[in-house]
Every structure is written in structure tokens, then in C-alpha cells.
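Remarks on the structure that follows.
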Amino acid sequence: MIEKHKLFLLILIATLVRGIIAITTGLGNDEVYYLTYAQHLQWNYFDHPPMVALLIRLTTLNLFFTNELFIRLGSIILAGVNTYLIYTICKNIKNEKAGFIAALLFTGSFYSSIIAGVFIMPDSPQLFFWMICVSLLIKIVSATKTDTNLNYNLLLFGLVAGLCIMSKIHGVFLWFGFGLYILCYKRTLLTNEYLYLAVLITIIIISPILIWNINNHFITYTFHSNRVSINSGINPSSFFREFFGGVFYNNPINYFLFIISIIALWKNKLDIAAPIKRVLLLLSIPLIFLLLFMSLFRDTLPHWSGPAFIALMILTACYIADEVQTLKNKNLRLNKLAISSCIFILIITISGILLINYFPDTIGNKKEKSFGKGDVTLDMYDWNFFQNEFKKIYQKDIQSGKTTTTFIINNKWFPGAHIDNYIAQPLHLDFIAVGKLEDIHTYEWLNKYRKKLNYGDDAYFITVSNNFSDPSEPYKIMFEKINTPVVIRQFRNKKHVRNMLIYLLEGYKAK
């Protein structure tokens, strides 16, 4: 019971820290974009399945509360639940000590604790369903011939795996890992009709993704295949970003412990049942190595492999628990490292909050036209300032009779989604994205439910220097006149960090 009390204290502290992050930082590029999903629910979206949109709708009470805390609340709640789930998994296959160590490793991971634990991303619901599937697969591979729950667990796995895929397509690797296990170690399951029913349940649940893509010319798959298709030639920068990004996202301390545990497993020093070891390895190693291989030829993102490291956390926690038991009151270095991973992530978190809100400069470009470009902290810094400044300009233009427009447009999903959420919607103005499909993404569909530009309408084009777009390139043939921009300078701790440029586009020439 002592470990369980420590677990609840850990979850409480971690949840409070996550809440502080949520209320002290603005929404990032991806987050504010996923918020647009929730504005009009679909069976699938240009980039991802719909689960993240449903999660946002749930925690904002159908978009009634739309501040950063409520938008991110689903991720924060699920992070606490996931911490308890990984504790329970390790407690069941090893002991409470292993469970608490797993909770420490989970909390100390930047991916599971922050990326999927604070920020509102498809990874947030994905990781929750992934964790349940891992628990179910452990029960399935551990089942005896007389286990009456085997068929029930197979069907439940099919259901939850489908929900995981409806969160993010990477969930298919749950079936891939399980399929490899069946082929290599438990072919008798191939004669179990409930296995095929489980596959059918998954297919039925994810069928809306297929139907939506059939109706939209398989745009999701053509888009993602272009992102990850193999080109000729080696891309070492992408590989190193994938590898070292994976190290950082999982916490360098955790990563070191993973390697030690894999070595221990190789030497047969990990005392858990062989079927559990095998299925956990098949749920982790194939996805990690596949993405590393892909990164040699194409740009990938390190968080794509995030769920695969959950299985390694479980194996690592079980190994450390054995070491703690063996060493008794001697030097418990591995146990201390697990605790240190949480301290490390806390330091990184505090530093990040201070950097975003108070760093007296920009870490990006200093040229006026692209001021702040490359400074990732600016995406989450004080967009309300721009709202207030634009409001002054807009009211002045309306009062002077310069324009009567209610439109704001942009040709990119970022910073378009920020402008939509932080400027247009609070001021009750009309935002649409006007550009190429590959640039505006889900706005191609969202535009259909918004007010449309008519012949002769004016529109404001807003851009920011760290993601600058010149409106003359996409809009010179669409509007009669593009005025010189009004430039708003933004400061952080009294230092110039970014510009907002406001163009008035006059006389829309309808197609």
C-alpha cells in the first residue's frame, strides 16, 4: 500500500504541473490546428482520424469553454489515468515496486508526460487506448487453455485497437505486433474464431476512415505517403533527428535505462514470463526500427514512435524492481535514476515555461521580414496581444470608412489556425483559408461551413514574421489591390521578438 500512496502523490503532483503548463502557455501550431477539427465534426480529417476532435468537444463542454486549460484537459486527465494503468500492468506481471517505477518512468518521459500528457494531440487518446491494448495483450498471451476470459479479451482488444486507430493511424502497429507474436509463438490462436471476430470489430470501427477517404479520393493516404515515401539517397539529418529526438522525447535517463534493460533481457536476466517479454518486444522494437529506417530516406517526426516505448518502460520497470530487491539496502542506482528522470523533466518543464514567457529576446532570425523565424517558443507566446492590436486597427478602419469587411484570410494552416482562434473568433470575424490544399489542410472542408467571400469584398490578410507569407504571390490575381501592411511589433520582456503584418486586400474578384 505504501507504493500505491506514493503513486497517487506522484499523479497529483504531475497533474498540477501539467495544469500549470496548460494555463501559462498558449496553444502550439498543432494544437490550435486540431482545435479546428472540433469546430465541425467529421468521420475523418485531412491529417488524422477524429478522436482528438471528440476529446476536445468533451472537455470543453461542446466548445463552451475554449481557454487553453479546458482544450488540454483531456490530455491532462488521460495522462493521470495512463500513469495508473502502467502501474497496474507492472504490478500484475511483477509487483508494486515495479508498478511505481513504471509510473516514474512514464512521468519522466517528455512524450508521455508532456506531448501526449499536456498538449492536445491525436497522441493523447491514442496513448490511452494503446495502454489498454498492451494490458489486454499481456492477458491474452498469458492465458491458459482453460482461461474462460481469453475470447472476451480478444474481442475487447479488437474494440480498443479500433479506437486507438481512430485516434491515430499508428494504432495499426498493435495488430502488427500481435500478429507477429501469433505467427512466431502462438499459431494455435489462428484456429480461434474469436480472433477473426476481433479483426472484424476493428475493421468496422475504423471503416469511417476508409469511407471518408473513398469520398475524398484517398487524400489522407496520398498526403502521408508523400511525407514518408522513400526517395533516392540517404538523409542523415533526418535519421539523427529521429534518433536523438527519440532519446530526448523519452528522456535521456529513461533511454539509458531502456538500453540496460534490453541488455539484461538479452542475457536472460529479466525475470518475467517469456510470452510477456516476447509480446512487449514485438510491440516496441519493430515500430522503433521501422521509423529509424524510414528516417534514412525521408523526414519523420520523433514522436511517431512514442507509443512503442511504453512496452520498453514496462520491461525496464520490471528489471529495476528485481535489481532493487537484489541490492536491498545497498546503492540503489537504477531506482534513483528512475526518480531522476522525473526531476529532469520537471527542470525542462520549468525552463520551457520561463523561456516561452520571459526570455528577453528571440532565439530565431533577427532580419526584419522574418524576425523570430526558427524560434519555436513564439508559437505559444501571447497571441492575445495580437488580438488587441488588430482590434484597434480594425475599429479604426471601420470608423473611417476605409472598409466594411468582416473577413480575415490566410493561405496556410499555420499561422492560419492561430489567427482564426486567437483573433478572428474572439472578435466575431469571419476567417477562411484561401490557398492550396497541401497548405490549408482541413480548412478545405471547414471553409464550406463558413461565410464565403463575394465579388467586391475586402479581406484582411494577417501573417507573422516568424511564419511570413507574402500575400502578393497567392492573391495578386484574386484582389484588385493589396495595400502596404501595417506592422505590429511584439516584445517579450521588453525585447523585440516578432512582427505581425496586417494587409488590407481590396476588391475580391470572384472566380
Side-chain angles (χ1 to χ4, degrees), residues 49 82 85-86 89-90 92-93 102 105-106 109 111-112 116 122-123 125-143 150 153-190 192 194-203 205-206 228 242 246 250 258 261-262 265-266 270 272-295 300 302-318:
N82 288 339
L85 286 174
I86 201 169
I89 291 169
C90 287
N92 291 339
I93 65 176
L105 295 173
F106 184 92
S109 163
Y111 171 78
S112 58
D123 298 72
Q126 175 198 224
L127 193 57
F128 170 66
F129 294 120
W130 187 286
M131 198 83 72
I132 296 174
C133 284
V134 170
S135 178
L136 289 169
L137 286 177
I138 289 172
K139 292 176 182 177
I140 290 168
V141 303
S142 303
L150 173 60
N153 287 331
L154 280 169
L155 296 179
L156 192 55
F157 172 76
L159 170 66
V160 181
L163 295 174
C164 188
I165 297 169
M166 287 296 283
S167 301
K168 198 172 183 179
I169 202 68
H170 298 66
V172 298
F173 280 94
L174 288 163
W175 271 112
F176 180 76
F178 185 32
L180 283 177
Y181 178 85
I182 293 172
L183 293 174
C184 295
Y185 302 109
K186 203 166 184 175
R187 293 190 185 93
T188 55
L189 274 177
L190 293 173
N192 188 329
Y194 285 89
L195 174 65
Y196 302 99
L197 282 174
V199 173
L200 180 60
I201 289 171
T202 297
I203 291 173
I205 290 173
I206 68 174
V228 299
E242 175 69 26
N250 287 282
F258 296 160
S261 300
I262 290 173
L265 187 149
W266 181 263
L270 186 54
I272 57 175
I276 296 175
K277 285 189 282 190
R278 291 166 180 166
V279 77
L280 289 175
L281 285 174
L282 290 172
L283 290 172
S284 57
I285 301 301
L287 178 54
I288 293 169
F289 275 85
L290 175 63
L291 287 170
L292 283 171
F293 174 76
M294 287 170 54
S295 70
T300 59
H303 71 278
W304 290 355
S305 62
F309 286 91
I310 294 300
L312 295 184
M313 284 184 194
I314 294 169
L315 291 169
T316 300
C318 293

Practice prompt. State, to 0.1 Å, how close Ala102 and Cys90 come at their nearest heavy-atom pair, and which atoms those are.
Written response: CB-SG, 3.5 Å
Item to complete: Output the distance between atom CG (Leu291) and atom OG1 (Thr300), rounded to the nearest 0.5 Å.
Response: 6.0 Å
Worksheet item: Looking only at heavy atoms, what is the nearest atom pair of Ala317 and Leu105, with distance?
Response: N-CD1, 4.1 Å
Using distance only, find each side-chain donor-acceptor pair of residues 127-140 under 3.5 Å and give its atom names and separation, not counting sequence neighbours.
residue : atom : partner : partner atom : Å
Trp130  : NE1  : Pro307  : O            : 3.3

Worksheet item: For atom CZ of Phe289, is the number of surrounding heavy atoms from other residues, nucleotides or ligands below 6.0 Å larger than 12?
Response: no
Fill in: Heavy-atom closest pair, residues Cys164 and Gln126
SG-O, 3.5 Å
Discussion item. Could you measure the distance from the OG atom of Ser109 to the CZ atom of Phe258? Nearest 0.5 Å is fine.
Written reply: 6.5 Å
Worksheet item: Can you tell me how far CG of Asn192 sits from CG of Leu150, rounded to the nearest 0.5 angstrom?
Response: 6.0 Å
Worksheet entry | Stepwise side chain to side chain contact (heavy atoms under 4.5 Å, CB included) test for Leu197 and Leu155 | CA-CA 7 Å; Leu197 282 174; Leu155 296 179; 3.6 Å; yes
Response to the item:
On a heavy-atom basis, the closest approach of Pro286 and Leu180 is CG-CD1, 4.2 Å
Fill in: Distance (rounded to the nearest 0.5 Å) between Ser261 OG and Leu312 CG
8.5 Å
Worksheet item: Can you find a pair of side-chain heavy atoms, one from Ile93 and one from Ile314, that are under 4.5 Å apart?
Response: yes
Worksheet item: How about Leu315 and Ile272: do any of their side-chain heavy atoms sit closer than 4.5 Å?
Response: yes
Worksheet item: In Å and rounded to the nearest 0.5 Å, what is the CG to OG1 distance from Leu190 to Thr188?
Response: 8.0 Å
Fill in: Euclidean distance, Leu290 CG relative to Ile285 CD1, rounded to 0.5 Å
12.5 Å
Worksheet item: Quick one: does Leu154's side chain get under 4.5 Å of Leu189's, heavy atoms only?
Response: yes
Worksheet item: Between Met313 and Thr316, does a side chain to side chain contact (heavy atoms under 4.5 Å, CB included) hold up when you go through it step by step?
Response: CA-CA 5 Å; Met313 284 184 194; Thr316 300; 5.7 Å; no
Worksheet item: Looking at side-chain heavy atoms only, is the closest gap between Cys318 and Leu270 below 4.5 Å?
Response: yes
Worksheet item: Does any non-hydrogen side-chain atom of Tyr111 lie less than 4.5 Å from one of Phe309?
Response: no
Practice prompt. Evaluate the criterion side chain to side chain contact (heavy atoms under 4.5 Å, CB included) for residue pair Tyr185 and Leu282; output intermediate values, then yes/no.
Written response: CA-CA 11 Å; Tyr185 302 109; Leu282 290 172; 4.1 Å; yes
Worksheet item: Got Arg278 and Leu281 here, is their nearest side-chain heavy-atom distance under 4.5 Å?
Response: no
Check residues 168-179 and write down every donor-acceptor pair under 3.5 Å in which the side-chain atom is one partner and the other belongs to a residue at least two apart or another chain.
residue : atom : partner : partner atom : Å
Lys168  : NZ   : Asp123  : OD1          : 3.0
Lys168  : NZ   : Asp123  : OD2          : 3.1
Trp175  : NE1  : Thr202  : OG1          : 3.0

Worksheet entry | Pro125 side chain reached by Met166 side chain, heavy atoms, under 4.5 Å | no
